[in-house]
**Student:** 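Mind looking over this structure? Questions follow.
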There are 2 protein chains.
Amino acid sequence: MGRSRLFDEADVVRSARQVFWDRGYEATAVPDLEAATGLNRSSIYHHFDSKRGLFDAVVDSYLDDVVRPRLAPLMSPRVEPGALEGYLLGLQRAMLDESTALSTNGCLLLNANGSALGHEAALQTVISRYCADLRAAIASGVTAARPELDSAAHETTVTTCTGLIFAAMAIVRNDRLAAAGMIDAALGVVSRG
Amino acid sequence: MGRSRLFDEADVVRSARQVFWDRGYEATAVPDLEAATGLNRSSIYHHFDSKRGLFDAVVDSYLDDVVRPRLAPLMSPRVEPGALEGYLLGLQRAMLDESTALSTNGCLLLNANGSALGHEAALQTVISRYCADLRAAIASGVTAARPELDSAAHETTVTTCTGLIFAAMAIVRNDRLAAAGMIDAALGVVSRG
DNA sequence: TCGGTTGTGTACCGGTCATTCCAGTATATA
DNA sequence: TATATACTGGAATGACCGGTACACAACCGA
């Protein structure tokens with residue numbers, strides 16, 4: 001059945017992810033992707049069809065490898081009372097560690113949302129689902145942490161907590177400490193408010 | 001002293017602002033700017049030195065014409081108790097009105113922060129100052145609205161309110177109603193929490 | 001060993017990028 | 001009116017963009 005590929009697709013997508021995450025879609029050139037992945041142009045186009053095709057694979061891997069692992073404890077059928085606090089502390093820790101892509105670049109999808117790609121229907125759908133999933137996970141965490149809240153207070157707490165996470169991811173590129181402060185505020189809202 | 005210019009600089013920068021705001025810096029081409037401003041390439045380069053020079057002028061005009069007017073009631077020496085609520089309601093109204101650039105594009109500076117320009121020192125400085133000014137304005141508004149809060153509660157309220165504004169601006173492109181919900185949460189935090 | 005199939009490398013494509021040059025035009029001062 | 005100065009239009013610049021064509025290399029099943 002022909003020659004077998006010489007690269008590991010997951011590795012390639014991860015390398016490409018770093019570049020897109022760092023520079024954004026528009027500012028990333030195909031030669032940058034060649035250099036980062038070690039793949040030749042023709043291989044990239046053979047396996048991913050286009051620069052955009054590789055970006056779509058990167059988005060999938062971002063959701064699978066970056067977003068979901070962190071969110072997993074909040075998406076299980078039985079959520080621990082401390083799961084949300086654990087999630088927030090883990091996020092804060094990553095944001096304060098300047099060696100992580102999260103702290104230097106924020107959220108790949110929120111960044112894309114603010115770029116020209118943010119007006120594209122296909123990506124909008126992905127981002128909408130991402131937001132909905134994140135919000136649902138936070139809601140589960142709030143339910144587990146604060147089961148006594150009435151419906152309105154629950155809703156407010158979820159919105160505020162989710163918003164502070166978005167805010168932290170939007171600003172972490174510019175000011176890590178400010179982002180950490182947003183997460184602190186989220187921790188406070190969950191535990192006290 | 002030679003020929004006088006045939007265009008109004010404020011008009012030109014405002015037209016360019018719409019394009020940069022909509023597409024982001026990288027995805028905006030000089031021909032797009034020619035079409036939007038009505039200026040020829042040579043005039044653009046003569047007056048603004050470069051695409052980047054025009055973008056810098058656009059950033060200034062964004063701060064002067066978009067950000068500061070809204071924030072003005074919160075930056076005066078005497079801030080009304082209802083000033084922050086008024087600011088938040090005005091922001092929410094603009095975000096729900098699909099004909100505004102704010103609702104379709106979010107914040108020009110936060111979008112730039114998430115693009116490749118976000119790694120550039122010069123723009124980082126501008127964005128840091130913007131964040132600091134916004135936070136200071138919110139702090140004045142919180143002081144006026146909730147003078148009874150102790151220092152810690154004041155700080156938490158300011159952080160939460162500022163964060164929810166960032167969150168709303170980060171997500172409004174994708175989901176106007178979600179953004180409006182964030183502002184609602186901010187209103188709740190200011191009035192009750 | 002051999003045909004068919006898949007993966008990879010080199011070279012190239014037309015198009016567009018930001019930028020520059022320069023000739024020519026308009027105007028303010030002298 | 002003369003001249004210096006500022007502004008503008010059009011054409012051209014080299015570099016780079018994303019994408020493609022094609023030959024060859026490697027490997028599978030037979």
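Heavy atoms only: backbone and side chains are in, while hydrogens, waters and symmetry mates are out.
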**Student:** Distance check needed: C:dT20 P versus B:Phe48 CZ, whole Å only.
**Tutor:** 16 Å
**Student:** Got a list of side-chain donor-acceptor pairs under 3.5 Å for residues 132-146 of chain B, not counting sequence neighbours?
**Tutor:**
from, atom 1, to, atom 2, distance (Å)
B:Arg135, NH1, B:Thr159, OG1, 3.1
B:Arg135, NH2, B:Glu155, OE2, 3.1
B:Arg135, NH2, B:Thr159, OG1, 3.2
B:Ser140, OG, B:Ala136, O, 3.3
B:Thr143, OG1, B:Ala139, O, 2.9
B:Arg146, NE, B:Glu148, OE2, 2.8
B:Arg146, NH1, B:Val190, O, 2.8
B:Arg146, NH2, B:Glu148, OE2, 3.2

**Student:** Within this structure, what is the CD1-to-C1' distance between B:Ile44 and C:dC17, rounded to whole angstrom?
**Tutor:** 14 Å
**Student:** Using the side chain to side chain contact (heavy atoms under 4.5 Å, CB included) criterion, which residues pair with B:Ala170? Sequence neighbours excluded.
**Tutor:** A:Ala170
**Student:** Can you give me the bend angle of the helix from C:dT1-D:dA30 to C:dA30-D:dT1? Use the axis through the first five pairs and the one through the last five, nearest 10 degrees.
**Tutor:**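 Computed angle between terminal axes is 10°.
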**Student:** Could you please name the option among C:dC17, D:dA6, D:dG10 that lies closest to any side-chain atom of B:Asn40?
**Tutor:**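 Minimum distance to the B:Asn40 side chain belongs to D:dG10.
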**Student:** Any ring-ring contact (aromatic ring centres under 6.0 Å, His included) involving residues 126-181 of chain A? Give me the pairs, sequence neighbours left out, ordered by first then second residue.
**Tutor:** none
**Student:** Take atom CG of A:Asp32 and atom C1' of D:dG18, then tell me their distance rounded to the nearest Å.
**Tutor:**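 These atoms are roughly 13 Å apart.
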**Student:** For a side chain to side chain contact (heavy atoms under 4.5 Å, CB included) with A:Arg173, tell me which candidate from A:Leu102, A:Thr104, A:Asn111 qualifies.
**Tutor:** A:Asn111
**Student:** Just how far, in rounded Å, is P of D:dC24 from NE2 of A:His46?
**Tutor:** 18 Å
**Student:** Could you check how far CG of B:Leu33 sits from C1' of C:dC17, rounded to whole Å?
**Tutor:**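 Those two atoms, CG and C1', are 13 Å apart.
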**Student:** With A:Asp32, which residues qualify under side chain to side chain contact (heavy atoms under 4.5 Å, CB included), at least two apart?
**Tutor:** A:Val19, A:Arg23, A:Thr28, A:Ala29
**Student:** Whole-Å distance between C:dT10 P and A:Leu39 CG?
**Tutor:**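 In whole Å, C:dT10 P and A:Leu39 CG are 13 Å from each other.
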**Student:** Output all residues satisfying ring-ring contact (aromatic ring centres under 6.0 Å, His included) with B:Tyr45, sequence neighbours left out; order by chain, then residue number.
**Tutor:** none
**Student:** When you measure from the side-chain N and O atoms of B:His47 to the phosphate of D:dT8, is any distance below 4.0 Å, counting only OP1 and OP2?
**Tutor:**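 True: B:His47 side-chain N/O within range (under 4.0 Å) of D:dT8 OP1/OP2.
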**Student:** Strictly by side chain to side chain donor-acceptor pair (under 3.5 Å), give each pair with a member in residues 82-99 of chain A just once, sequence neighbours left out.
**Tutor:** A:Gln92-A:Asp184, A:Asp97-A:Ser99, A:Glu98-A:Arg176
**Student:** Pull out every protein N or O sitting under 3.5 Å from an N or O of nucleotides 19-21 of chain D, one pair per line with the distance.
**Tutor:**
from, atom 1, to, atom 2, distance (Å)
D:dG19, OP2, A:Tyr45, OH, 2.7
D:dG19, OP2, A:Lys51, N, 3.0
D:dG19, N7, A:Arg41, NE, 3.4
D:dG19, N7, A:Arg41, NH2, 3.2
D:dG19, O6, A:Arg41, NE, 2.3
D:dG19, O6, A:Arg41, NH2, 3.1

**Student:** Which pairs with one or both residues in residues 60-71 of chain B pass side chain to side chain donor-acceptor pair (under 3.5 Å), sequence neighbours excluded?
**Tutor:** B:Arg17-B:Ser61, B:Arg17-B:Asp65, B:Asp64-B:Arg68
**Student:** In whole angstrom, what separates A:Phe7's CZ from C:dT6's P?
**Tutor:**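 Rounding to the nearest Å, CZ of A:Phe7 and P of C:dT6 are 15 Å apart.
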**Student:** Measure the distance from CD on A:Glu9 to P on C:dT8 and round it to the nearest whole Å.
**Tutor:**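 After rounding, the reported distance stands at 11 Å.
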**Student:** Side-chain N or O of B:Ser43 less than 4.0 angstrom from OP1 or OP2 on D:dT8?
**Tutor:** yes
**Student:** Do side-chain atoms of A:Asn40 reach the backbone of A:Ser43 as a donor and acceptor pair under 3.5 angstrom?
**Tutor:** no
